[in-house]
2 protein chains.
Amino acid sequence: MAKPNIPDIVVSRLPLYLQTLNHLLREGEEVISSEELSEQVGIPAVQIRKDLSYFGGFGVKGKGYDIIHLIDSLRSILNLNQIWPMVIVGVGNLGQALIRYQGFARQGFEIVLALDINPKIIGTEIAGIVVQDVGLMESELKRSDIRIALLTVPANAAQSTADALVANGIKAILNYAPIILKLPEGVRVANIDPVLKLEHLTYYLS
Amino acid sequence: MAKPNIPDIVVSRLPLYLQTLNHLLREGEEVISSEELSEQVGIPAVQIRKDLSYFGGFGVKGKGYDIIHLIDSLRSILNLNQIWPMVIVGVGNLGQALIRYQGFARQGFEIVLALDINPKIIGTEIAGIVVQDVGLMESELKRSDIRIALLTVPANAAQSTADALVANGIKAILNYAPIILKLPEGVRVANIDPVLKLEHLTYYLS
DNA sequence: AGAAACTTGTGATTTCAATCACAACTATTA
DNA sequence: TAATAGTTGTGATTGAAATCACAAGTTTCT
Ligand SMILES: NC(=O)c1ccc[n+]([C@@H]2O[C@H](COP(=O)([O-])OP(=O)(O)OC[C@H]3O[C@@H](n4cnc5c(N)ncnc54)[C@H](O)[C@@H]3O)[C@@H](O)[C@H]2O)c1
Ligand SMILES: NC(=O)c1ccc[n+]([C@@H]2O[C@H](COP(=O)([O-])OP(=O)(O)OC[C@H]3O[C@@H](n4cnc5c(N)ncnc54)[C@H](O)[C@@H]3O)[C@@H](O)[C@H]2O)c1
C-alpha cells in the first residue's frame with residue numbers, strides 16, 4: 001500500500017536502484033555501500049540514503065546494504081512481489097516488438113492479452129499470444145484481473161482507446177502515442193515518446 | 001546555441017509545448033492563450049509563461065500567442081530548423097520497429113545508418129535502409145555528420161557500443177538498453193526504459 | 001582492547017523550482 | 001471615448017527537493 005506523503009520523485013528513483021542492485025547481484029556482489037551504489041547509478045550517495053530512509057533503515061552502519069535484502073525491500077515497496085498481467089492495444093510495428101520483448105516477463109510484467117482492429121492482424125500469433133479483436137476488450141477485461149495497459153495505437157485512436165480501457169477497469173496506462181491523454185483521477189499514466197527526448201537532446205547540440 | 005543558465009527542467013518542457021501547438025495548428029487554431037494551452041498540455045499557465053519568458057516574449061498582452069510564430073520560436077530554440085541524421089545500432093525487434101517508425105522523420109529526425117553484428121541481419125533492407133556491419137561504424141561515421149545515435153543492442157553490449165559511438169563523434173545517445181551508461185562529459189544521454197516506468201506505476205497500484 | 005576508519009540515517013540548511021501577485025498592455029463593449 | 005475584461009511577463013514569495021553536517025553505530029587494524 002502506497003504511503004501518501006512520499007514525494008513522487010523519490011518513488012521514481014527506486015526502480016533505478018533496483019535495476020542496478022540486480023546487476024550487482026548477478027555479478028556476485030553481496031554488500032554495497034551507498035557510495036559505491038552512487039557510482040553505479042549516478043545519483044549522490046546521500047540522496048540514495050535519504051530516499052531509502054523514507055521507507056525505513058535497510059543498511060548497517062559501518063558496513064553498507066545487504067544487496068539481497070535491499071532488493072527484497074524495494075520489490076516489496078514497489079509491489080513487485082507478484083506477476084502483473086498486462087493488455088496491449090495496437091499490434092503494429094511497435095506493439096509486436098513489445099510483445100516479443102523478454103524484458104517485461106523477466107521483471108514480472110506479462111502481456112497476456114493483445115488487441116487490434118485490423119482483420120489482417122487479428123488471429124495472428126506473436127510470441128505465443130493470439131491477437132484478439134479490440135471489440136472483445138470489454139468481455140476479455142471483465143473476466144481478467146488486468147490493471148495495466150500498454151497503448152500502442154496511432155495517435156488519433158489513442159484517447160478513445162484509453163477511455164475504453166479505463167471504462168473496463170484499467171488503472172495504469174503506459175502510453176506510447178505522441179499525445180497527452182486526459183483521464184480521470186485515479187488512473188495513472190506514464191508516457192514514452194522518443195521524439196520529445198530527441199528534441200530535448202538537440203537543444204544542447206550546438 | 002544553448003544558453004547555459006536555463007534550467008534543464010524548463011528545456012524538457014518545451015518539446016511538450018511544441019507537440020501540443022502542432023496539434024492545435026492542425027486543428028486550425030491560430031492564436032492561443034497560456035490558459036488554453038495549459039488545459040491541453042496539463043501544465044499550469046503561469047509556468048508555461050515563465051518557461052517561455054526565459055527565451056523572450058513571444059505573446060501579445062490581452063491576446064495570447066500566435067501559434068505559428070510560437071512554433072517557429074520553439075523550433076529555433078530547440079535547434080529543429082534542420083534535418084538531424086541519426087544512426088541506429090542493433091536492428092532486432094525494437095530496432096526494426098524504430099526504423100519503420102514514421103514519427104521521427106515527420107519531426108526532422110532521419111535514420112540514415114543502421115548497424116548490426118548479426119550476419120543474417122546485415123544486408124537486409126528495412127524501410128529503405130540497408131543494414132550495415134557494425135564493423136563499418138568508424139568508416140561510415142567518419143564520412144558523415146551524424147551526431148545522434150539510437151542504441152538498441154542487448155544490455156551486455158550497450159556500454160562498449162556506446163563507447164565506440166562516442167569515439168567516432170557521436171554527441172547524443174538515446175539509449176533503450178536497461179543499463180546506466182557511463183560516458184564522458186559533453187555527451188548527452190537520454191534513456192527510455194519501459195520497465196522502470198511500469199515499476200513506478202505499480203507503486204501506486206494498491 | 002583501544003584507536004582509527006568507515007558507513008548509515010537524519011535534523012538543519014541551502015538551493016532550486018513553482019506559484020503568487022500585479023503592473024503593463026490589448027481587445028472588446030457600451 | 002471611457003470602462004471593462006482579458007492576457008502577458010516578471011519580481012517577490014512560497015514550497016519542495018537536494019545537500020550539508022554530524023551523531024551513532026560497525027568494522028578493521030594494531
Ligand atoms: N514504431 C515505433 O518505434 C514507435 C516509437 C514510438 C512511438 N510510437 C507510437 O506508437 C504507436 C504505434 O506505432 P506503430 O509504428 O506500431 O504504428 P502501426 O501503424 O504499425 O501500428 C498501429 C496498430 O494499431 C492498430 N490500431 C489502429 N487503431 C486501433 C484501434 N482503434 N484499436 C486497436 N488497434 C488499433 C493498427 O491496426 C496497427 O496494427 C503510434 O502512436 C506511434 O506514434 C511508435
Ligand atoms: N523489444 C522491445 O520492445 C524493447 C523495449 C525496451 C527496451 N528494449 C531493449 O532494447 C534492446 C534491444 O532489444 P530487442 O528486443 O530489439 O533485442 P534483439 O535481440 O531482438 O535485438 C538486438 C540486436 O542487436 C544486435 N547486436 C547484438 N550485439 C551487437 C553489437 N555489439 N553491435 C551491433 N549490434 C549488436 C543483434 O544482432 C540484434 O539484432 C535491448 O537492450 C532491450 O533490453 C527492447
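We use all heavy atoms of the structure for the numbers below, so side chains are in, but hydrogens, waters and symmetry mates are not. To find a chain, count down the sequence lines: A is the first, B the second, and so on, and within it residues start at 1.
Close to dG9(C), at under 4.0 Å from its OP1 or OP2, lies no side-chain N or O of Arg49(A). Applying the 4.0 Å criterion to OP1 and OP2 of dG9(C), one finds that Tyr65(A) has a side-chain N or O inside that range.
With rounding to whole Å, Lys61(A) atom NZ is found 6 Å from dG25(D) atom P. Rounded to whole angstrom, the span from the CD atom of Gln47(B) across to the P atom of dT14(D) amounts to 19 Å. Regarding Lys50(B), its NZ atom lies at a distance of 10 Å from the C1' atom of dC20(C), rounded to whole Å. Between Asp66(B) atom CG and dT8(D) atom P there is a gap of 13 Å when expressed in whole angstrom units. Distance CD1 (Ile67(B)) to P (dT8(D)): 12 Å, rounded to an integer number of Å. If you take CZ of Phe58(B) and C1' of dT26(C), they are 20 Å apart, rounded to a whole angstrom. Taking atom CG of Asp8(B) as the reference point, atom P of dA17(C) lies 9 Å away to the nearest angstrom. Between the CD atom of Glu35(B) and the P atom of dT19(C) there is a distance of 13 Å, rounded to whole Å.
Residue Pro7(A) places its side chain closer to dA17(D) than to any other of dA17(D), dA12(D), dT10(C). With distances taken from any side-chain atom of Lys63(A) to the nucleotides dT10(D), dA17(D), dT27(D), the minimum falls on dT27(D).
Side-chain atoms of Tyr204(B) and Asp8(A) include a donor-acceptor pair closer than 3.5 Å. Side chain to side chain, Gln19(B) and Asp193(A) meet the donor-acceptor criterion of an N or O pair below 3.5 Å. Between the side chains of Asp51(A) and Gln47(A), no donor-acceptor pair is found at a separation under 3.5 Å.
Using modelled atom types, one side-chain atom of Thr202(B) and one backbone atom of Leu78(A) make a donor-acceptor pair closer than 3.5 Å. Between the side chain of Gln132(A) and the main chain of Asp116(A), no donor-acceptor pair closer than 3.5 Å is present.
With DNA chain D read from its 5' end, the first of the two nearest nucleotides for Glu36(B) and Val46(B) is the one closest to Glu36(B).
Using a 4.0 Å heavy-atom distance criterion, Val60(B) is classed as a sugar-phosphate-only contact.
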